[in-house]
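Notes follow once the structure below has been shown.
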Amino acid sequence: EDGGPQPEKHCGHGRGGMGEEVKRKEDQRFITGRGNYVDDIKKPGMLHCEIVRSPHAHARIENIDKSRALDVDGVVAVLTAEDLLEYDLATMPTLMDDTQDVLVNDKVKFQSQEVAAVIATDRYTAKDGAEKVVVDYDVLDPVVDAEKALEDDAPLIRDDIEGQEDNHCLDWETGDEEATARVFDDAPVTVKEQMLYQRLHPAPIETCGAVGDFDPGKDKLTVHMTSQAPHIHRTLFSQVSGIPEHKVRIVSPDVGGGFGNKVPIYPGYVVAAAASYVLEQPVKWVEERSENIQSTGFARDYDMQGELAATEDGEILAVRTDVLADHGAYNAVAQPSKFPAGFFNIFTGSYDVDTAYGTLTAAYTNTAPGGVAYRCSFRVTEAVYLIERMVKVLADELEMDPAEIRRKNFIQPDQFPYESPTGWNYDSGDYEKALDLALEMADYDDYREEQQRRIEEDADKLLGIGISSFTEVVGAGPGKTCDIAGVEMFDSAEIRVHPTGNATVRVGVQTQGQGHETTFAQIVAEELGMDVDDITVEHGDTDTDPYGLGTYGSRSTPVAGAAAAVASRKVREKAKAIAANELEAAEADITWDRESGEFHVAGAPDRSISITEIAAGAYMNKPAGEDPGLEAVNYYDPPEMTYPFGSYIVIVEIDRETGEVEFEKFVAVDDCGNRINPMIIEGQIHGGLAQGIGTAMMEHVTFDDNGNVTGGDFMNYLLPTSMEIPEFETGHTVTPSPHHPIGAKGVGESPTVGSPPAIVNAVVDAMAHGGISHVEMPMTPDVVWEKLDEAGLAM
Ligand code: CDP
């Protein structure tokens, strides 16, 4: 009706609406130690669960002897697959319709897999009991490498799947194979590179945990759990347990980071719920750090071959890729089920390319299942890495400036909406504007000169400049193409304005630290002319909140954010009728003014009324023919996804003696359309860049040939600390999404997705004059030094 908020113009009504740097409401409780996480929950009579895990990666279970564990004073029960079979709970479906053991029934398929559960009166006793469970294993040869898993003589991992004769999991392809081959055959220039996006662990600060609480009086199962998606988890819990959905309640209290790790359902959740059902007492299960790293959803593990065909002056003609994916022991990737390779389709990135073709083969290995969307939309990170690395490879081959080659190939602003050669519809973008701003902020030309000077002077430290001009795709649905277990990916918001003029907003998404209690309130404040402090946002309780598909893949703002705006506008519509009644004017003469947040009688601006007065009217003086109350709900199925983008420029110094990489400058320009809270966005960017640095420089889950996880704790799986993180310089452009009610796109994952290729490009750039075209992540000093040596640049 009023055209929605305008980019950057809406700032400063002073009510905490769109564009204002409102301090995070939730921080009051977090910084005063009043957060309420799963492990804070204490119930009368609560028991504790400890899981017995397999030390072997591949082994048949011959016998489990519970007796010594049951002798431990305080141990109440020891559960194995046999016990769960009685309740039909020995297996559970994964998010990709595979069947995973809750407790191993026959054969262990990865190290740390769940074998038995000990329930005791306290956690220490449960742990003592777990150490006394004796499991006899017949150890089998494991295979932990996807390529080896597909060899003819590889041990068969999934003998539980009827007809399965090898470790092949799935195949996928997109684009036009023949047309792409023709372009490659005729192209003046082609480049090819092999690159591994290594196995990562999302590593939220809070590990996974649950409190199962079955109430036999109400015949109701409540599970408090670390869930990024409580509603779909309720549906799945109900389907697996046979308990009707209205008798299952999932509560996600405060969640200490998720990053995709808390999207799947893990055996521990099921065991805690099942044990509580069987024992009719609350049962708590909370993982230790190494259990979290070793057994819950990993991310990435894509071994990718990239190819570009181009003209001699750098116009990209076609992109081709072939991927070998390691899915672990079960197909348990967390992505909307119509896309076996997730959103990897977006591998032509920010570039206007007519022709593309991609193939993927996934294999089972004796490693934990995963392939979760670690702070990204379902494999978009891998796609962005591939194309942004390949553009650098092409630039070096043609001896062109990597900024120039990007500029030459960008999709232009007037080409939007733009359909990619793999059939994805980009909503809006202005890639050159973001790149130009980043180049300016980074003093690009000066650093190029400095780089050349160092080469000429044979300096001890090399300089490298890396660029990534990424495009992201976030906000799954639409429901017609994205679903989980058949439930379409919409999201929701419900607004209730109370008689005294304040409001409660409930959303179907689930914050894990992103600040939703603030930003959803800001959307409603903007749309209803309310003060942000008068709005409380609730989430994470399936008994009270409207159904939604949860928070991952930066979908909160694009989907539930849209629902919050639409629901607000529904409230505003009703408010108009009440305003007319209160102001004694015809409804047709009432207009809403975004600036003042009030309703006016047209032509008489002094006759106005605020939402607080209208709320009173709705309950105490309703117009004839209107229902009392002032509330609305919206379930929003997005027409399309949103495509945030950005340009990151990283300048590194490399010590030729040690291979150590230091960040000299780190510039991040992001465009997420209209911005709700610039301060929260900045925080999101900082956190994501830190994770991008961890990815590029330090993190890797590794295995030895026996299937032992060699990167399974924080001594061996290195996360960046403040010592490794440089100062970030952030900038932004604003290109609203044309189809989103408030013109916003998601932003939370852009920095994790966009930064690794910029960092690798910078390190490669420093050694490009020595003929180096690629360096594998994580770029630890030894890896970098080997490359320096290969290029004849080591000292
Ligand atoms: O789904 P998730 O919350 O992880 O990601 P998001 O939708 O990108 O939002 C992350 C945080 O940034 C939320 O608090 C958003 O409200 C905020 N944000 C914003 O202020 N403006 C935008 N255009 C996008 C996100």
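Values below: all heavy atoms of this structure, side chains included; hydrogens, waters and symmetry mates excluded. Source: prediction; values computed, not measured. We count ligands from 1, going down the list as the structure has it; atoms in each ligand are counted the same way.
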Can you name the nearest heavy-atom pair linking [X] to [Y], along with the distance?
X	Y	result
P638	P478	O-CB, 3.0 Å
S596	R15	O-NH1, 3.1 Å
R594	R569	NH2-NH2, 4.3 Å
M679	K23	CE-CA, 3.9 Å

For [atom], grab the closest protein heavy atom and report residue, atom and distance to one decimal in Å.
atom	answer
atom 5 (O) of ligand 1	S554 CA, 3.4 Å
atom 3 (O) of ligand 1	H516 NE2, 2.7 Å
atom 20 (O) of ligand 1	N677 N, 2.9 Å
atom 1 (O) of ligand 1	S556 OG, 2.7 Å
atom 8 (O) of ligand 1	V747 N, 2.6 Å

Give the contacting part of K745 toward ligand 1: side chain, backbone, both or neither, where contact means a heavy-atom distance below 4.0 Å.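 K745 to ligand 1: backbone contact only, side chain stays beyond 4.0 Å.
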
Pick one of side chain, backbone, both or neither for how Q684 approaches ligand 1, counting any non-hydrogen atom pair under 4.0 Å. side chain

Decide whether the shortest distance between a heavy atom of G673 and an atom of ligand 1 is less than 4.0 Å. no

For [X], the ligand 1 atoms whose distance to one of its heavy atoms is below 4.0 Å:
X	answer
R555	1 (O)
T519	13 (C), 14 (O), 15 (C), 16 (O)
G746	8 (O)
A744	23 (N)
C672	22 (C), 23 (N)

Assess whether a salt bridge exists between E388 and R406, defined as any Lys/Arg side-chain N lying under 4.0 Å from an Asp/Glu carboxylate O. yes

Could you tell me whether R199 and E699 have a side-chain N and a carboxylate O separated by less than 4.0 Å?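 The answer is no: the pair does not qualify as a salt bridge.
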
Just to be sure I'm reading this right: ignoring hydrogens, which of [options] gets closest to [atom]? Compare them by their nearest heavy atoms.
atom	options	result
atom 25 (C) of ligand 1	T557, D491, T551, V22	T557
atom 4 (O) of ligand 1	M18, Q510, Q514	Q514
atom 23 (N) of ligand 1	I676, T518, N674	N674

Are [X] and [Y] linked by a side-chain donor-acceptor pair shorter than 3.5 Å?
X	Y	result
T721	E724	yes
S556	T551	yes
Y266	E287	no

Could you walk me through whether D671 and T733 satisfy the side-chain hydrogen bond (donor to acceptor under 3.5 Å, both in side chains) test, starting with their C-alpha distance in whole Å, then the side-chain angles of each, then the deciding distance to 0.1 Å, before giving a yes or no? CA-CA 5 Å; D671 191 320; T733 58; 2.7 Å; yes

Can you find a heavy atom in the side chain of L386 that is under 4.5 Å from one in the side chain of Y197? no

For ligand 1 and G748, I'd like to know whether there is a polar contact (N/O to N/O, distance under 3.5 Å). yes

